[in-house]
Amino acid sequence: MSLWPSRNIWLTRASLGTGWGSISLLKRLDTENYNVVVISPRNYFLFTPLLPSCTTGTVEHRSIMEPVRTILRQKKGRVTFYEAEASSIDPERKVVRIFDTSEIKGSTTETEVPYDMLVIGVGAENATFGIPGVREHSCFLKEIGDAQKIRKRIMDCVETAMFKDQSPEEIDRLLHMVVVGGGPTGVEFAGELQDFFQEDIKKLVPEIADRFRVTLIEALPNVLPMFSRQLIEYTERSFKEEKINIHTKTVVKKVNEKSVEAEVTLPDGTKETIVFPYGLLVWATGNAVRPVVRDLMSKIPAQKNSRRGLAVNEYLVVQGTRDIWAIGDCAVAGYAPTAQVAAQEGTFLARLFNNMAKTEALEEKIRHLSSSLNLEPGNSAEISQEIAELERKLRRIKDVKPFQYSHQGSLAYIGSEKAVADITWFNGNVAAAGSLTFLFWRSAYVSMCFSMRNKLLVINDWLKSKVFGRDLSRE
């Protein structure tokens with residue numbers, strides 16, 4: 001496929017999603033060169049790394065949200081935003097069908113948006129792996145609504161456990177919080193949950209404090225598989241000290257309303273079924289392809305063998321298409337589905353599109369100068385020199401290297417004001433853990449927050465929860 005199309009493509013560039021990839025693209029894209037349309041069912045960017053902190057009130061949810069229209073206001077060129085969800089993409093007609101998902105409906109609830117260039121950054125949905133009961137009884141942790149639901153359920157469990165004449169068995173079940181998934185999200189949530197009970201619930205509801213338990217279930221042999229061995233061992237030791245139970249090599253087979261059935265592989269290779277009664281179950285593992293992406297894949301023959309998302313080439317172009325790009329969790333580019341990858345992909349596409357616009361302008365100028373050679377024979381030497389200089393500049397701009405991910409490291413909070421960090425440093429990795437790493441974790445996350453408003457709000461939330469404690473209100 002040719003990266004530089006010969007036709008004029010400077011019409012409508014549509015972008016689906018307002019996640020890490022799409023917002024990184026939008027921030028750096030010169031919107032004066034394009035007619036940009038952004039489509040997303042949520043009208044804000046969410047700083048997902050701090051989402052586990054929202055579940056316990058350490059950070060308030062609005063502190064990690066940045067309205068899309070605030071971002072658009074900072075752009076020089078006009079950008080149109082539609083709060084809607086894409087239901088289908090027609091690569092032949094080059095239109096995206098969208099529908100209104102808001103509670104307030106107008107006379108038009110479904111329509112089509114044409115595009116010349118389309119960037120798909122819709123992310124992924126929660127994978128249940130076909131396990132019965134997961135979707136019905138679990139809480140996920142991907143969106144603000146998920147964090148609010150979890151926060152409410154935690155307090156529901158506490159208050160129900162305190163109900164008069166509640167049986168000891170039922171109190172134990174209600175105060176048993178089960179987390180499925182030993183990646184950064186699951187580990188950070190487990191740490192935040194333990195902090196919440198040790199620092200707040202224990203003081204305000206001491207009668208049941210000793211009954212509280214957190215269990216982390218992971219199918220792999222260890223938690224945080226993307227971290228170094230020493231950090232994995234440090235995390236598992238810290239969790240043991242914090243009395244967070246870790247069950248590795250344990251696969252969930254069925255989720256009931258009040259219990260989880262799992263199969264654990266014992267050291268001798270045999271398997272055993274364990275039942276975990278729970279008050280709260282948080283499912284923090286696995287990504288699945290969204291329906292709109294699955295529908296598009298079925299329309300593109302080159303995508304027939306792709307299962308985890310849209311297969312893309314080295315320039316993030318969807319294979320089998322010419323004017324569609326995919327970034328983030330909905331794309332299969334050979335990288336882990338992380339915010340860091342999506343952000344770098346968005347930045348790469350912004351540079352690519354900006355170069356495309358510069359190329360068009362330079363080619364137009366070269367054509368104009370070439371046509372003036374016959375009209376101004378006296379200035380032919382000067383014009384030829386200018387054309388040669390523009391052609392050299394054009395070659396430099398067109399020389400865009402394929403996308404290459406640069407891993408900056410991994411961070412995870414593990415509770416008790418401790419964190420682990422696997423940071424890329426020059427040509428090697430630096431592994432760090434403990435209280436100083438916790439300070440680094442906080443400073444890194446603050447620096448990554450989208451705006452100064454977000455930075456100040458997050459710092460204020462941390463100070464407020466430290467001085468006054470977390471808010472135990474159920475709503």
Side-chain angles (χ1 to χ4, degrees), residues 51-61 132-141 143-181 186 188-217 239-247 250 252-262 273-284 415-417 461 464-475:
L51 199 55
S53 298
C54 292
T55 60
T56 59
T58 307
V59 173
E60 293 300 324
H61 68 276
V134 172
R135 198 165 295 280
E136 294 82 359
H137 305 301
S138 301
C139 290
F140 299 113
L141 191 49
E143 302 289 345
I144 282 295
D146 298 333
Q148 291 173 316
K149 182 180 178 181
I150 290 170
R151 187 170 176 178
K152 182 178 178 180
R153 286 206 178 184
I154 292 170
M155 292 315 304
D156 273 347
C157 287
V158 171
E159 299 299 350
T160 303
M162 284 296 296
F163 194 78
K164 187 176 183 299
D165 297 331
Q166 195 70 268
S167 69
E169 295 78 15
E170 192 66 0
I171 292 174
D172 287 339
R173 180 188 71 81
L174 289 165
L175 296 182
H176 186 201
M177 310 296 170
V178 176
V179 184
V180 179
E188 291 194 337
F189 173 68
E192 293 278 2
L193 199 54
Q194 187 71 15
D195 287 352
F196 182 39
F197 270 81
Q198 289 299 320
E199 297 170 11
D200 297 278
I201 298 295
K202 197 171 184 178
K203 296 175 184 175
L204 299 174
V205 197
E207 301 93 325
I208 59 172
D210 61 334
R211 313 286 282 274
F212 176 75
R213 290 179 299 145
V214 177
T215 294
L216 183 66
I217 298 174
F239 270 20
K240 189 174 181 180
E241 292 170 5
E242 295 166 24
K243 298 181 180 178
I244 297 175
N245 301 313
I246 300 178
H247 289 264
T250 305
V252 174
K253 293 296 183 180
K254 186 179 180 181
V255 175
N256 302 308
E257 186 179 0
K258 296 181 179 181
S259 65
V260 175
E261 296 178 23
T273 299
I274 304 178
V275 177
F276 300 92
Y278 69 85
L280 169 70
L281 172 64
V282 174
W283 193 267
S416 298
E417 297 191 347
D461 288 343
K464 185 174 64 176
S465 62
K466 187 68 175 177
V467 175
F468 301 106
R470 299 168 181 82
D471 187 356
L472 268 63
S473 302
R474 190 170 65 88
E475 296 297 337

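Everything quoted here is computed from the prediction, not taken from an experiment.
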Check: R470 and T58 side chains under 4.5 Å, non-hydrogen atoms
yes
Under the criterion side chain to side chain contact (heavy atoms under 4.5 Å, CB included), I'd like the reasoning laid out for H137 against N256: C-alpha separation, chi angles, the key distance, then a yes or no.
CA-CA 7 Å; H137 305 301; N256 302 308; 5.5 Å; no
Between Q194 and K243 (side chain of the first, backbone of the second, donor and acceptor by atom type, cut-off under 3.5 Å), is there such a pair?
no
Looking at R211 and L174, would you say the former's side chain and the latter's main chain have a donor-acceptor pair under 3.5 Å?
no
What one should report as the nearest heavy-atom pair of L51 and I144 is CD1-CD1, 4.0 Å
Of all the heavy-atom pairs spanning A262 and T250, show the shortest one and how long it is.
CB-CG2, 3.6 Å
Say whether, by atom type as modelled, one donor and one acceptor occur between the side chain of H176 and the main chain of P277 under 3.5 angstrom.
yes
Shortest non-hydrogen pair, I244 vs A190, comes out as CD1-O, 3.8 Å
Before giving the answer on side chain to side chain contact (heavy atoms under 4.5 Å, CB included), spell out for I154 and F197 the whole-Å C-alpha distance, their side-chain angles and the decisive distance to 0.1 Å.
CA-CA 10 Å; I154 292 170; F197 270 81; 4.1 Å; yes
Worked verdict on K466 versus E199 for salt bridge (Lys or Arg N to Asp or Glu O under 4.0 Å):
CA-CA 9 Å; K466 187 68 175 177; E199 297 170 11; 5.7 Å; no
Using only atom types and a distance under 3.5 Å, with no angle test, would you say the side chain of Y278 pairs donor to acceptor with the backbone of E257?
yes
If you define the side chain from C-beta out and look only at heavy atoms, does anything of V179 sit under 4.5 Å from E188?
no
Look up atom CZ in R151 and atom CG in D471, then write down how far apart they are to the nearest 0.5 Å.
5.5 Å
I'd like to know if the side chain of D172 and the backbone of E169 have a donor-acceptor N/O pair within less than 3.5 Å.
no
Do the ring planes of F276 and H247 sit parallel (below 30°), tilted (30 to 60°) or perpendicular (above 60°)?
perpendicular
Closest heavy-atom contact between C139 and K149?
SG-CE, 4.0 Å
Smallest separation among heavy atoms of S259 and V275, with atom names:
CB-CG1, 3.8 Å
Would you say that V255 contacts L281 through its side chain, given a criterion of any heavy-atom pair below 4.5 Å between the two side chains?
yes
Which is it for M177 and I150 under the side chain to side chain contact (heavy atoms under 4.5 Å, CB included) test, yes or no, and what are the steps along the way?
CA-CA 11 Å; M177 310 296 170; I150 290 170; over 6 Å; no
Are T55 and E192 close enough that a side-chain donor and a side-chain acceptor fall under 3.5 Å?
no
Distance (rounded to the nearest 0.5 Å) between S138 OG and L280 CG:
9.5 Å
Tell me if a side-chain donor or acceptor on D461 pairs with a main-chain N or O of E60 at a distance below 3.5 Å.
yes
Can you check side chain to side chain contact (heavy atoms under 4.5 Å, CB included) on L193 and F212, steps first, answer last?
CA-CA 10 Å; L193 199 54; F212 176 75; 3.9 Å; yes
Would you name the heavy atoms of G186 and L216 that are closest together and state the gap between them?
O-CD1, 4.1 Å
